[in-house]
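Here is the structure we will look at, set down as structure tokens.
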Protein chains: 4
Amino acid sequence: MSDKIPIYQHPWVGEDPLLGELTDKQWKILKAALKVFTEKGYSASTTSEIAREAGVAEGTIFRHFKTKKEILLATLIPLMQNFIGPGVTNSLHDLLLQHDNLPMEDVLLLILEDRQKHISALWPLLRIVLLEANYHPELRDVLLNNVVTRVQESLLTFLQKRQSKGELRDDLDAWTLMRSIVGAFAAYLVSKTLFPEREQGHENRQELKAIVNLFLSGAKKKS
Amino acid sequence: MSDKIPIYQHPWVGEDPLLGELTDKQWKILKAALKVFTEKGYSASTTSEIAREAGVAEGTIFRHFKTKKEILLATLIPLMQNFIGPGVTNSLHDLLLQHDNLPMEDVLLLILEDRQKHISALWPLLRIVLLEANYHPELRDVLLNNVVTRVQESLLTFLQKRQSKGELRDDLDAWTLMRSIVGAFAAYLVSKTLFPEREQGHENRQELKAIVNLFLSGAKKKS
Amino acid sequence: MSDKIPIYQHPWVGEDPLLGELTDKQWKILKAALKVFTEKGYSASTTSEIAREAGVAEGTIFRHFKTKKEILLATLIPLMQNFIGPGVTNSLHDLLLQHDNLPMEDVLLLILEDRQKHISALWPLLRIVLLEANYHPELRDVLLNNVVTRVQESLLTFLQKRQSKGELRDDLDAWTLMRSIVGAFAAYLVSKTLFPEREQGHENRQELKAIVNLFLSGAKKKS
Amino acid sequence: MSDKIPIYQHPWVGEDPLLGELTDKQWKILKAALKVFTEKGYSASTTSEIAREAGVAEGTIFRHFKTKKEILLATLIPLMQNFIGPGVTNSLHDLLLQHDNLPMEDVLLLILEDRQKHISALWPLLRIVLLEANYHPELRDVLLNNVVTRVQESLLTFLQKRQSKGELRDDLDAWTLMRSIVGAFAAYLVSKTLFPEREQGHENRQELKAIVNLFLSGAKKKS
DNA sequence: CATGAATGAGTGTTCATTCAT
DNA sequence: GATGAATGAACACTCATTCAT
């Protein structure tokens with residue numbers, strides 16, 4: 001048991017019942033699997049390539065995971081549950097609580113900058129999750145319940161509070177407000193990825209400010 | 001060649017050099033391939049299932065397409081070039097031209113409703129294109145150049161014209177405006193798909209109106 | 001279809017729904033499978049060895065049979081249904097009918113000699129059937145219903161008729177009589193196989209006569 | 001070596017050079033192996049299941065037995081040598097000696113009843129031995145030399161003595177007599193196993209009596 | 001041009017056996 | 001001596017691709 005790696009030293013898995021603690025070998029396999037899946041997708045990846053990448057024998061993989069699909073789930077689900085999910089939500093929640101009294105503009109800008117950092121760091125991971133969620137309901141469920149729903153709730157609560165404070169229009173559903181700002185922000189990230197040259201000229205923070213400004217110009221309560 | 005089908009009778013392929021005109025058999029194969037790819041994704045589809053679905057022998061497929069990958073490209077690229085692309089762009093273009101003098105609110109609503117209809121109809125196709133574009137650069141290129149770019153250009157032109165007319169703020173980049181409205185609209189579609197129960201209560205047109213209203217409240221030039 | 005082999009040219013399969021007619025390749029595979037199974041038993045046989053023995057690619061095997069187990073069943077079941085079963089039963093039945101009026105001694109001797117010839121010819125086949133029937137209920141069922149039961153019925157009918165004619169004791173169940181003569185005969189065959197040197201000295205026919213004599217001495221009705 | 005188990009406390013192995021005395025662990029492994037082999041046959045059994053069943057680590061098994069095949073031999077050979085063989089023979093021998101002066105009918109009935117009891121108790125073991133002897137010559141040899149031959153000798157001696165006493169026909173080889181009674185008896189056991197419903201109606205002892213009666217009616221010397 | 005049987009490299013998975021601890 | 005993680009050759013089976021008919 002001496003080769004166990006302490007939970008906090010890797011992003012995967014806390015007291016997650018699916019995996020428990022990870023041995024050195026398991027960690028190497030999961031890291032290799034994530035790399036290979038990320039590059040080629042699940043179907044086009046082979047267990048033998050994962051083994052080669054992990055530096056273990058192919059048989060070793062199946063000592064730790066019953067099937068190839070279990071490797072996929074054991075790779076992505078804990079990441080969503082323990083890393084993406086809480087990572088995303090907690091910091092979001094903290095942000096919203098912490099700066100409860102800042103003006104809307106500033107809070108939203110902080111949030112978007114914070115989100116952007118997180119998403120950039122996690123992008124390869126998020127990408128494979130989003131792709132494979134199309135074919136594996138188990139992934140879809142965890143994605144929805146552990147990531148999407150949590151983000152929504154945090155944001156909704158925040159927006160509703162600001163509505164009741166009179167800072168945001170309440171003739172529109174908070175849900176609609178949320179979709180708009182999240183959509184605009186997401187579209188910016190996508191655009192930055194697809195057309196790096198296009199967005200490169202602009203200062204990132206300026207662009208985020210513009211997004212917030214446009215949103216709030218429409219969303220603020222007119223006195 | 002009596003079994004040739006006139007171009008205009010099927011959505012695929014015009015003067016596309018990749019395929020030229022399609023024989024009856026080719027058409028059946030492509031239709032079958034699209035169905036199978038759509039259901040299981042490229043990697044998990046087998047040529048034998050495509051053959052069965054098309055009602056031809058497996059060998060026949062390879063008489064028309066050199067490899068499985070060529071089937072994928074021959075299926076999706078013409079669709080993007082001749083169907084999604086123009087279909088999308090033209091109608092968009094027409095709409096924008098046709099109602100050039102309508103108030104912003106009405107034009108945007110018309111556009112979104114029109115887009116929504118198109119996207120719904122094409123969704124299975126768009127889905128597989130978006131998914132596979134992640135792994136096949138050939139697809140990604142065509143997707144960007146033939147679909148995304150065209151939509152952007154139409155919308156940009158429209159927004160810029162309205163900016164120059166003084167109807168929209170010109171302190172913000174038209175690109176930024178576009179991202180916001182497109183993002184908000186896309187977020188609505190995604191939300192409708194992922195949480196049908198959530199969005200079900202609302203009247204679709206009301207929701208689109210809210211999106212437009214929110215956008216324009218922020219985007220309109222203050223006099 | 002020109003490579004189909006007429007049914008009657010091989011022992012396997014008549015209008016057997018399991019296989020229908022056999023192509024040249026299928027025939028080679030089944031022959032190879034029978035050989036390999038016979039030599040090493042089912043579990044220890046590999047599909048690759050069967051392929052090598054049949055002179056076909058391993059993939060070819062699975063074009064004709066879905067699983068390794070299906071090869072086993074497709075090999076043995078038709079043999080039992082079309083070869084062992086009828087072969088055994090018909091000739092037995094014919095014999096019994098044909099020589100209905102011969103003295104018991106002669107009929108029994110004819111039967112045993114006939115059976116012995118059949119069983120010798122089929123021994124490798126019977127052996128693998130008997131062995132694998134222990135692990136595959138499908139085989140056991142066909143063995144019992146198509147072989148064992150048929151033989152029993154023929155013999156029982158014969159013995160009962162002779163009982164009612166007053167030639168055999170009727171204070172004993174015909175079933176008991178049958179078991180005794182069949183058992184004695186089987187023990188002789190086993191003994192000949194296990195201890196060839198022991199039984200070699202004796203003339204085969206003399207030995208069969210002794211078996212019949214011993215049986216009839218006990219089984220004949222005392223006047 | 002304090003964990004050695006005295007020989008006489010387990011049925012396996014006496015001065016058998018193959019195993020010598022057994023440690024507690026070895027005993028557990030052999031018991032587990034016998035169970036697993038008995039249930040699935042040799043080929044379909046896995047060493048890991050044997051280990052699990054024995055409650056030891058998989059590596060431990062290979063510390064005691066070089067190969068899987070050695071486990072099979074170490075399991076079955078000593079059982080034949082020390083349990084089946086002697087067990088069978090001795091009690092048979094004793095019976096024959098003890099009741100040397102009883103009438104044939106009674107002795108044979110006693111023998112058959114005694115054998116039946118033994119065989120029933122040992123059936124799972126005998127079954128696997130008979131099956132695997134087909135593929136492992138080492139097993140076949142021991143089976144023939146230690147079990148079959150011994151039984152034969154005891155019975156032959158008995159029958160020959162009765163022949164010389166004038167109680168049994170001596171115009172037939174004792175070997176022939178033996179085969180007949182053994183065959184009839186074996187056929188009864190097989191029949192009882194395959195068609196339990198058929199033989200259920202009859203009283204077991206009555207059936208045995210009938211077998212003996214039929215045999216002796218034919219085998220007894222006519223005065 | 002169409003067929004579909006044949007191919008064989010490759011797949012995910014198993015398992016007897018080894019060996020560092 | 002006992003362990004069980006690691007191994008890798010072998011397994012049953014798949015599938016894109018070829019080619020004789």
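Excluded from the calculations below are hydrogen atoms, water molecules and symmetry mates; all remaining heavy atoms, backbone and side chain alike, are included. Note on naming: letters A, B, ... go to the chains in the order of the sequence lines (proteins, then strands), and numbering restarts at 1 for each one.
- Atom CD1 in B:Ile71 sits about 14 Å away from atom P in F:dC15, given to the nearest Å.
- In this structure a side-chain-to-backbone donor-acceptor pair under 3.5 Å is present from D:Lys68 to D:Ser45.
- Distance A:Lys66 NZ to E:dC15 C1': 17 Å, rounded to the nearest Å.
- The nearest whole Å value for the distance from the NZ atom in A:Lys25 to the C1' atom in E:dC19 is 12 Å.
- Contact check for B:Thr75 versus B:Ile128: no side-chain heavy atoms found under the 4.5 Å cut-off.
- Here the side chain of C:Phe62 is nearest to one of E:dA6, F:dA16, F:dA12, namely F:dA12.
- If you take CD1 of D:Ile61 and C1' of F:dG1, they are 15 Å apart, rounded to a whole angstrom.
- In this structure, CG on D:Leu125 lies 11.5 Å from CZ on D:Arg127, to the nearest 0.5 angstrom.
- With C:Glu138 as the fixed residue, the side-chain contact (heavy atoms from CB on, under 4.5 Å) test singles out one of C:Leu143, C:Leu72, C:Leu73, C:Leu76: C:Leu73.
- Using a 4.0 Å cut-off, some side-chain N or O of A:His64 falls inside it from OP1 or OP2 of F:dA6.
- Surrounding NZ of D:Lys28 are more than 12 heavy atoms belonging to other residues, nucleotides or ligands, all under 6.0 Å away.
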Practice item. Evaluate side chain to side chain contact (heavy atoms under 4.5 Å, CB included) for D:Val56 paired with D:Ile61, printing each intermediate quantity in order. Key: CA-CA 8 Å; D:Val56 304; D:Ile61 285 186; 4.2 Å; yes
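- More than 12 heavy atoms of other residues, nucleotides or ligands sit less than 6.0 Å from atom NZ of B:Lys69.
- Paired runs in DNA chain E that reach 3 or more consecutive Watson-Crick or G-U pairs, where each pair keeps both distances under 3.5 Å, cover E:2-21 with F:2-21.
- Under the 30°/60° scheme for interplanar angles, the aromatic rings of B:Tyr42 and B:His136 are found to stand perpendicular.
- For A:Lys68 and F:dC13, the NZ to P distance is 19 Å, given to the nearest whole Å.
- Heavy atoms of other residues, nucleotides or ligands lying less than 6.0 angstrom from NZ of A:Lys40 number 12 at most.
- Nucleotide F:dA5 holds its C1' atom 19 Å from the CH2 atom of A:Trp27, rounded to whole Å.
- The phosphate of F:dT3 (OP1 or OP2) has a side-chain N or O of D:Thr60 nearer than 4.0 angstrom.
- In the set F:dA20, E:dA20, F:dA16, F:dA20 carries the atom at the smallest distance from any side-chain atom of B:Arg63.
- Taking a 4.0 Å limit (strictly below) on heavy-atom distances, residues 45-55 of chain C reaches DNA chain F at C:Ser45, C:Thr46, C:Thr47.
- As rounded to whole Å, 15 Å separates atom P of E:dA16 from atom CZ of D:Phe65.
- In terms of position on DNA chain F, the residue among C:Thr67 and D:Val56 whose nearest nucleotide sits closer to the 5' end is D:Val56.
- With no hydrogens or angles considered, a side-chain donor-acceptor pair links C:Glu58 and C:Thr47 at under 3.5 Å.
- The listed nucleotides are E:dT7, E:dG12, F:dT3; the one nearest the side chain of C:Ala57 is E:dT7.
- Of the candidate nucleotides E:dT13, E:dT7, F:dT7, E:dT13 has the atom nearest to the side chain of A:Glu58.
- In this structure, A:Tyr42 atom OH and E:dT11 atom P are separated by 14 Å, rounded to whole Å.
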